[in-house]
Every structure is written in structure tokens, then in C-alpha cells.
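Counting from 1, the numbers follow the sequence of the chain as shown. On a predicted model such as this, the values are computed, not experimentally measured, just so you know.
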Amino acid sequence: MLSKDYSAEFKQRFADRYADGATITMPQHEFGLTKSTVKLWRERIDQGGVEAIDRPRKNNRYPQEFKLRVVEAYLRGEGDYKALALEHGVRNSAQIRDRVKRYREGGEDALAVHPSGRRRKEPASEETLEQRCARLEMEVEILKRMAASATDLSAAGGSTRQ
């Protein structure tokens with residue numbers, strides 16, 4: 001399902017309606033929102049006000065210390081995944097769940113920040129200008145010999161194709 005961007009005024013009207021004591025179905029029908037969106041927005045408003053409704057516009061890369069602090073807070077019982085996600089500004093509570101699982105399986109090192117994307121191949125050793133010239137001269141010499149060989153063969157009436 002595609003996500004929609006709602007204006008700040010729209011969200012403020014929703015928050016006002018919620019503050020007036022509207023049930024889940026009232027704003028659902030009035031604003032044309034899904035039940036899950038209404039529930040999510042209500043939770044976020046309860047935790048952090050109207051501003052908490054907004055989604056971050058880009059992915060965050062959290063340092064290892066931050067991840068460890070949130071995981072340890074969960075393990076100390078300072079809140080469930082959702083509450084800690086809202087408290088620490090983590091976009092999705094599933095990220096905390098996954099980090100707790102990785103921490104339990106591999107300790108602090110499992111929370112290390114890794115570069116994203118494909119791994120790069122190890123670069124070949126740097127070729128100096130002299131080495132490159134020597135290699136290219138050798139290739140030219142090989143091509144000359146092949147051309148001479150083909151010329152000799154065609155002059156003798158043979159074919160270069162097999």
C-alpha cells in the first residue's frame with residue numbers, strides 16, 4: 001500500500017478531534033484514514049504530541065553507542081519496543097526488536113555500523129606508468145605477430161578461419 005503525505009493542518013485537525021474524545025471509527029470515517037493509521041497516530045500523539053505523527057523523511061544511521069543504549073533500556077525493562085522507539089526517535093519499533101535479537105545472539109559487536117550496499121572488490125595493485133607502458137608494448141607486439149601470421153597464412157592460400 002502506498003503511503004500518503006498529510007499536511008500539518010490535517011494532522012492538527014485529527015489531533016484536535018482525538019483530544020475531543022473521538023472514538024477510533026469517528027476520525028476513520030471523517031478523515032478517510034485506515035483503522036491502523038488512526039491507532040498509530042493516536043499512540044504517537046499520546047507519546048509525543050502531534051509532532052510525533054510525522055515520519056522522518058530519510059533513513060537514519062544510528063551509531064553503535066545509540067543502538068546499545070536503546071537495547072540496554074529495553075533489557076532493563078524501561079519500556080516496550082514501541083515506547084522506546086517513540087522515546088528515542090527510532091522510526092520503527094521493529095528495528096529495536098531486531099537489534100535486541102542481534103545483541104542477544106552476538107553481543108555488542110552485532111550492533112556495529114556496517115557500510116551499506118555491495119561490498120567492493122579489492123582493488124588490483126596500482127600499476128605504475130612504467131608497468132603500464134611495458135604491458136601495452138607487449139600487447140602491441142603480440143598483435144603485430146598475430147597480424148603478420150594472418151598475412152603469411154592468407155598469402156600462402158590458407159584461411160585464418162577454422
Locate the shortest heavy-atom distance separating Tyr62 from Gly89; write the atom from each residue and the value. OH-O, 3.4 Å
Rounded distance (nearest 0.5 Å) linking atom CD of Glu87 with atom CD of Glu78: 7.0 Å
Got a second to check how far Thr23's OG1 is from Arg17's CZ, nearest 0.5 Å? 8.0 Å
For residues 129-141, dump all side-chain donor-acceptor pairs below 3.5 Å to protein atoms at least two apart in sequence or in another chain.
residue : atom : partner : partner atom : Å
Gln131  : OE1  : Thr128  : N            : 2.9
Gln131  : OE1  : Thr128  : OG1          : 3.3
Arg135  : NE   : Glu127  : OE2          : 2.9
Arg135  : NH1  : Glu139  : OE2          : 3.1
Arg135  : NH2  : Glu127  : OE1          : 3.3

Hey, are the side chains of Val38 and Lys35 touching, using non-hydrogen atoms and a 4.5 Å cut-off? no
Return the minimal non-hydrogen interatomic distance between Ala83 and Asp80, and the atom names on each side. N-OD1, 2.8 Å
State the CG-OH distance between Leu86 and Tyr81, to the nearest 0.5 angstrom. 15.5 Å
With heavy-atom distances below 4.5 Å as the criterion, would you say the side chains of Arg99 and Val70 are in contact? no
Closest non-hydrogen atom pair between His88 and Phe66, with its separation: O-CZ, 3.5 Å
Take a 6.0 Å sphere around CZ of Arg145 and say whether it holds more than 12 heavy atoms from other residues, nucleotides or ligands. no
Rounded to the nearest 0.5 Å, what separates atom CZ in Arg13 from atom CD in Glu30? 8.0 Å
How many angstroms lie between NZ in Lys39 and CG in Leu33, if you round to the nearest 0.5 Å? 14.0 Å
Phe31: partners by ring pair (Phe, Tyr, Trp, His ring centres under 6.0 Å), with sequence neighbours left out: Phe10, Phe14
Nearest heavy-atom pair of Val100 and Leu75: which atoms, and what distance? CG1-CD2, 4.2 Å
How about Ile96 and Val90: do any of their side-chain heavy atoms sit closer than 4.5 Å? yes
Identify the heavy atoms of Arg104 and Tyr74 that sit nearest to each other, and give their distance. NH2-CE2, 4.1 Å
Starting at CD of Glu72, measure out to CG of Leu68 and round the result to the nearest 0.5 Å. 4.0 Å
Could you tell me which residues satisfy side-chain contact (heavy atoms from CB on, under 4.5 Å) with Ala112, sequence neighbours excluded, listed by chain and number? Gln64, His114
Would a distance-only check, ignoring hydrogens and angles, find a side-chain to backbone donor-acceptor pair under 3.5 Å from Arg102 to Leu111? no
